[in-house]
2 protein chains.
Amino acid sequence: MNKEERVIMGFRDLLNKMVSLNKFKMKDSLKGYKSSEVHCIEYIGRNVDSNVTKLAESFYVTRGAISKLTKKLIKKGIIESYQKQDNKKEIYFRLTEQGKVINKVHEELHKEFQERDKAVFEQVTEEQFDSMLSFVEKYSRHLDAEIKKLGVDITNPNDFE
Amino acid sequence: MNKEERVIMGFRDLLNKMVSLNKFKMKDSLKGYKSSEVHCIEYIGRNVDSNVTKLAESFYVTRGAISKLTKKLIKKGIIESYQKQDNKKEIYFRLTEQGKVINKVHEELHKEFQERDKAVFEQVTEEQFDSMLSFVEKYSRHLDAEIKKLGVDITNPNDFE
DNA sequence: ATGGTTATGTTTCCCCGGAAACATAACCAT
DNA sequence: ATGGTTATGTTTCCGGGGAAACATAACCAT
């Protein structure tokens with residue numbers, strides 16, 4: 001396996017491990033909530049006027065999937081929807097008080113993760129960060145061009161190689 | 001968003017884009033085959049004596065999922081199973097002639113991807129590669145320790161943050 | 001203004017994979 | 001050797017998400 005593949009594979013495995021750990025910890029502190037639900041709550045908590053489309057694009061899933069998920073969260077009383085006077089098409093979401101509590105717990109968990117990995121990131125130099133970011137951005141732009149050229153739809157992933 | 005998050009997010013997006021592009025191209029040259037099937041074929045083509053457990057570990061999915069997938073591939077005549085005289089427990093897989101053809105097509109596709117991205121990787125210096133690999137390996141070891149400490153099961157991912 | 005086009009959201013049907021219970025074979029400690 | 005433990009594979013049940021058809025609202029060109 002050459003270096004290119006090792007880098008890509010390495011990051012894939014890294015992400016898998018992070019997700020596994022996240023799910024595991026979530027079972028402790030956020031019992032009863034699926035990770036997809038928590039991510040949705042997190043996004044709505046961070047972004048005013050979230051709607052189905054924005055959530056779908058951000059999570060790389062279909063609008064249909066988000067539509068069902070938000071309906072579930074509304075039924076559970078974690079989020080609520082609202083509209084604006086001048087727009088009868090778009091439906092926005094915000095957290096209820098209950099939702100804010102869950103979001104708070106999740107934020108604490110995030111801090112815990114950062115603390116956990118601090119030791120690793122402290123060893124990374126600015127140059128290393130910039131080098132990685134420049135690679136990511138360059139590669140990303142390259143793929144964007146390809147995606148555009150072929151007219152590919154980027155609404156589905158969540159499985160890797 | 002700090003640099004740590006940007007690197008992780010950046011790679012997540014990168015992987016998503018690669019997967020989308022892969023799926024799109026596969027629809028052209030490997031019509032009728034799901035990407036999970038093709039990956040399975042690829043693995044069996046590369047590794048002698050593949051079995052359900054090894055495939056599951058490699059793909060981060062449950063043995064049950066692989067069990068169903070391989071059954072489907074056998075029914076389609078793409079792979080076949082065999083056992084060894086001295087082991088009545090483990091069941092191995094190999095490609096049939098038809099499977100080899102598909103694998104060949106897939107390999108060509110891989111080369112095409114490498115060619116497509118050559119321009120990007122040519123710009124990456126050895127130092128950059130080594131820097132990224134060292135980061136990945138360090139972080140990975142760190143998470144492994146955490147995973148071991150907590151006794152987390154790494155058999156499920158395929159969705160990211 | 002109005003008819004075609006695009007954007008947004010919903011619903012139905014279906015497939016894939018996880019969880020868990022199960023069956024069987026291999027291993028191992030005594 | 002044998003009974004408990006572990007490894008491997010399978011099956012059933014269920015939930016989540018994709019695809020596609022659909023409904024409705026907004027946009028836009030004429």
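Keep in mind that this is a model prediction, so the values were computed, not measured. Residue numbering restarts at 1 for every chain, and letters A, B, ... go by the order of the sequence lines.
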Is any side-chain N or O of [X] closer than 4.0 Å to OP1 or OP2 of [N]?
X: A/K89; N: D/dC27; answer: no
X: B/N87; N: C/dA26; answer: yes
X: B/K71; N: D/dT10; answer: yes
X: A/K34; N: D/dG16; answer: yes

Atom [atom1] of [X] and atom [atom2] of [N]: how far apart are they, to the nearest Å?
X: B/I74; N: D/dT10; atom1: CD1; atom2: P; value: 8 Å
X: B/R63; N: C/dC16; atom1: CZ; atom2: C1'; value: 18 Å
X: A/H39; N: D/dG17; atom1: NE2; atom2: C1'; value: 16 Å
X: A/K23; N: C/dG17; atom1: NZ; atom2: P; value: 14 Å
X: A/L73; N: C/dT10; atom1: CG; atom2: P; value: 13 Å
X: B/Y33; N: C/dC16; atom1: OH; atom2: P; value: 15 Å
X: A/D86; N: D/dA25; atom1: CG; atom2: C1'; value: 13 Å
X: B/N51; N: C/dT24; atom1: CG; atom2: C1'; value: 15 Å

Tell me which nucleotide, if any, is Watson-Crick or G-U wobble paired with [N] when both distances must be under 3.5 Å.
N: D/dA25; value: C/dT6
N: D/dG15; value: C/dC16
N: C/dT11; value: D/dA20
N: D/dT30; value: C/dA1

>> Any donor-acceptor pair under 3.5 Å linking the side-chain atoms of A/Y92 with those of A/E90?
In response: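 A pair is found: one side chain offers a donor N or O, the other an acceptor, under 3.5 Å apart.
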
> Among side-chain atoms of A/Y43 and A/N103, is any donor-acceptor pair under 3.5 angstrom?
Replying inline: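 Result is no, nothing qualifies.
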
> Taking the nucleotide of DNA chain D with the closest heavy atom to each, which residue, A/E37 or A/E90, is nearer the 5' end?
Replying inline: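 First, find each residue's nearest nucleotide; the 5'-ward one identifies A/E37.
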
> Would you call the rings of B/H142 and B/Y139 parallel, tilted or perpendicular if under 30° counts as parallel and over 60° as perpendicular?
Replying inline: tilted

Out of [options], which nucleotide sits closest to the side chain of [X]?
X: A/S36; options: C/dA26, C/dT11, D/dG17; value: D/dG17
X: B/V61; options: C/dT8, C/dG18, D/dA25; value: C/dG18
X: B/T53; options: C/dG17, C/dT10, D/dT8; value: D/dT8
X: A/T62; options: C/dT8, D/dG18, C/dT10; value: D/dG18

> Counting any heavy atom closer than 4.0 Å, what does B/K72 reach on the DNA or RNA strands: base, sugar-phosphate only, or nothing?
Replying inline: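 Sugar-phosphate contact only - B/K72 comes under 4.0 Å of backbone atoms but never of a base.
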
>> Students often get this wrong, so: under 4.0 angstrom with heavy atoms, is A/K68 touching a base, only sugar-phosphate, or nothing?
In response: base

> 5'-most contact on DNA chain C: B/L69 or B/G64, nearest heavy atom basis?
Replying inline: B/L69

>> Determine whether a donor-acceptor pair (N or O, by modelled atom type, separation under 3.5 Å) exists between the side chain of B/T70 and the backbone of B/I66.
In response: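 Side chain of B/T70 to backbone of B/I66: a pair is present.
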
> Are B/K17 and A/E146 within salt-bridge range, i.e. N to O under 4.0 Å?
Replying inline: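 Salt bridge flag = no for A/E146 with B/K17.
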
> Under 4.0 Å between a Lys/Arg side-chain N and an Asp/Glu carboxylate O for B/K54 and B/E57?
Replying inline: no

